[in-house]
Amino acid sequence: MLKSLRRDKTPFYFIGAMVLLWAILHALIGGSFWGPSFYNTYTRQALAWRQGLLHLPEDVPYLELAVYENEYYVSFPPLPSVILWPLTFLFGMDTPDNLLVKLYALFACLMMYGALKRAGYERPFAAVFAFLFCFASSLLPMTLNGAVWYHAQVLAFFLTIASICLFTLDRPTLSLLCYALSVACRPFNALYALPLFFTYWILNQRAGMPLKDTAKSLLPGVGLGLCVAAAIGIYNAVRFGNPLEFGHNWLPEFSFQGGIQFSIQHVGKHLKTFLWGLPLQNQNGEWTFARFGYSMLLACPTLTLMLVWAVIDIVKKRMRWEKAVVLFTCLLHIFFLLFHRTFGGFQLGARYAVDAVPYTFFYLLLTPEKKRPSWPEIVFLAAVLLLTCWGVTQVHI
């Protein structure tokens, strides 16, 4: 590792660019670069565990808490609290949530950079592409605030990217462990199993590996993943009597206020906003940034690039099965997310669509003939990065 860093100084410039971007944005909008978040649900859950409780000891009205049998529960998957649990011994209630989300994004970027280098990209192009893949998207505003919603999603982003990058290193056990842990942050990430397993199988088949050997190499990772799933299921069952229930159905808005968490009725409304919506809206003759989201094709532009790459692959007759599966699963994942009532709620861009960005990176790595980003791609992503930075100064999520 140290020899690699001595040979390649690019990661240091890379990290400097990220820190500078974050520092500038915090200087413009305020907020702590590394301190605790006001919406510190996961820290409170970790502290409750230390007291031997599966619920919070009291209600915190401004947090999204489930109310079940007159107790207040955290209504989100538990992995971030596992990360924060040891930190509570050092920081107590003041765990550095804002720093942690930055570290998750930083590690995701560095793993992307390494994967692109191994795929044949020159260092500058690998660094620029990795940087823009992450920050020219709705991931950027989430890295400025370690609030409960963003903490889980940025951690899931890192773990999914790690799973894909480890897969390219032929490390299926660690890859599947990271995949399973990402599901412990964002349950719909379970869909990544389809392209991961299918691609691993078909690439090994082309390399002449017998199916028996492929299955044998996957077994340890599958076993670890099942252990993670079992732990989550037991945790949910003990709390709510249902291994699939994280607590959202017991939020007041769904349990007795009449809201519907998942419904086909939400899809049409969301498509209007997150497919066709513009970032700027005219309100009383004044142009303002959309505070409840806009087109995911602009908010997360690598989704647009993947669609362009897919069309080119079809025209040039180089669309392979594994790439088609990645594309199909990405679209299916987004469709399922559109069933949710808010698709991210109050947000800049399209927060839930960030869950689909790793598919676009997966698709890119399955395109060996591509060795550098084109200038139109760089210009497009850079323009979205500037737009997102501007939006961050206008919409504080």
Side-chain angles (χ1 to χ4, degrees), residues 112 115 119 133 137-139 153 156-157 159-168 172 175-176 178-180 182-183 185-207 211 214-215 218 221-222 225 229 262-264 266-268 270-271 274-276 295-340 343-344 350-370 377:
M112 284 181 169
F133 248 83
S137 76
S138 295
L139 182 76
Q153 197 167 1
F157 180 87
L159 289 167
T160 309
I161 291 295
S163 177
I164 292 167
C165 292
L166 288 165
F167 161 82
T168 66
S175 173
L176 292 178
C178 288
Y179 153 74
S182 79
V183 179
C185 298
R186 301 285 289 172
F188 277 133
N189 274 25
L191 288 165
Y192 276 95
L194 180 58
L196 283 170
F197 280 102
F198 182 83
T199 303
Y200 192 76
W201 168 72
I202 200 166
L203 292 182
N204 282 342
Q205 184 188 54
R206 287 186 193 140
L211 179 60
T214 299
L218 289 171
V222 171
F262 292 102
S263 171
I264 189 68
H266 301 321
V267 175
H270 290 330
L271 283 176
F274 296 106
L275 194 58
W276 309 113
S295 174
M296 68 182 77
L297 299 177
L298 184 57
C300 297
T302 58
L303 294 173
T304 302
L305 291 183
M306 184 174 67
L307 294 176
V308 172
W309 296 334
V311 170
I312 292 173
D313 285 339
I314 292 170
V315 170
K316 293 189 175 183
K317 298 181 179 179
R318 65 186 188 199
M319 174 62 78
R320 291 177 174 260
W321 278 108
E322 62 270 24
K323 294 166 79 171
V325 168
V326 170
L327 177 63
F328 167 77
T329 312
C330 177
L331 296 175
L332 183 65
H333 195 152
I334 291 171
F335 180 67
F336 283 155
L337 289 172
L338 289 168
F339 273 73
H340 191 268
F343 199 77
R351 181 166 74 85
Y352 278 12
V354 170
D355 291 343
V357 170
Y359 290 108
T360 68
F361 188 67
F362 202 173
Y363 193 100
L364 179 66
L365 292 180
L366 293 173
T367 309
E369 61 274 10
K370 187 174 178 64
E377 289 169 349

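Atoms considered below: every heavy atom in the structure, side chains included; atoms not considered: hydrogens, waters and symmetry mates. When a residue number appears, it is its place in the shown sequence, counting from 1.
In terms of heavy atoms, Ala353 sits closest to Met296 at CB-CB, 3.8 Å. Nearest heavy atom pair, residue Lys323 against residue Arg318, reads NZ-O, 4.3 Å.
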>> Run the side-chain contact (heavy atoms from CB on, under 4.5 Å) test on Val311 and Leu307 for me, step by step, so that the C-alpha distance in whole Å, both residues' side-chain angles and the decisive distance to 0.1 Å come before the verdict.
In response: CA-CA 6 Å; Val311 170; Leu307 294 176; 5.7 Å; no
>> Working note: Leu364 + Trp309, criterion side-chain contact (heavy atoms from CB on, under 4.5 Å); need CA distance, chi angles, decisive distance, verdict.
In response: CA-CA 9 Å; Leu364 179 66; Trp309 296 334; 3.9 Å; yes
> Could you go step by step and tell me if Cys330 and Met306 meet the side-chain contact (heavy atoms from CB on, under 4.5 Å) rule?
Replying inline: CA-CA 10 Å; Cys330 177; Met306 184 174 67; 3.5 Å; yes
>> Using the rule given for side-chain contact (heavy atoms from CB on, under 4.5 Å), can you reason through Leu337 versus His333, listing the C-alpha separation, both sets of side-chain angles and the distance that settles it, and then say yes or no?
In response: CA-CA 6 Å; Leu337 289 172; His333 195 152; 3.6 Å; yes
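Note that the CG atom of Leu139 and the CZ atom of Arg351 stand 11.5 Å from one another [nearest 0.5 Å]. Going from atom OG1 of Thr214 over to atom CD1 of Ile202 covers 11.5 Å, rounded to the nearest 0.5 Å. Atom CG of Asp355 sits about 11.0 Å away from atom OG of Ser138, to the nearest 0.5 Å. The structure places CG of Leu366 at 5.5 Å from CD of Glu322, a figure rounded to the nearest 0.5 Å. In this structure, Ile334 CD1 and Phe343 CZ are separated by 7.0 Å, a value rounded to the nearest 0.5 Å. Rounding to the nearest 0.5 angstrom, the gap separating the OG atom in Ser137 from the CG atom in Leu303 is 9.0 Å.
Considering Tyr179, Phe198, Phe157, Tyr359 in turn, Tyr359 is the only one that fulfils the ring-ring contact (aromatic ring centres under 6.0 Å, His included) rule with Tyr192. Checked against Pro358 for a side-chain contact (heavy atoms from CB on, under 4.5 Å), the options Asn189, Leu159, Ile164, Thr302 give a single hit: Ile164.
Annotation: side chain of Cys178 is not in contact with side chain of Thr160 (no heavy-atom distance under 4.5 Å). Side-chain contact check for Phe362 versus Pro195: some heavy-atom pair is nearer than 4.5 Å. Counting heavy atoms from C-beta outward, Val325 and Leu194 have side chains that approach closer than 4.5 Å. Residues Phe167 and Leu365 have side chains not in contact (no heavy-atom distance under 4.5 Å, counting atoms from C-beta outward).
When atom types are taken as modelled, the side chain of Ser163 and the backbone of Ser175 share a donor-acceptor pair closer than 3.5 angstrom. The backbone N or O of Leu196 sits nowhere less than 3.5 Å from a side-chain atom of Thr199 that would complete a donor-acceptor pair. Without hydrogens or angle criteria, Thr367 side chain to Glu369 main chain gives no donor-acceptor distance under 3.5 Å. A distance-only check finds a donor-acceptor pair linking the side chain of Ser295 to the backbone of Leu275 [under 3.5 Å].
Aromatic pair Tyr352/Phe188: centroids not less than 6.0 angstrom apart.
Under the 30°/60° scheme for interplanar angles, the aromatic rings of His266 and His270 are found to be tilted.
A salt bridge links Lys370 with Glu377: the closest approach of a Lys/Arg side-chain nitrogen to an acidic carboxylate oxygen falls below 4.0 angstrom.
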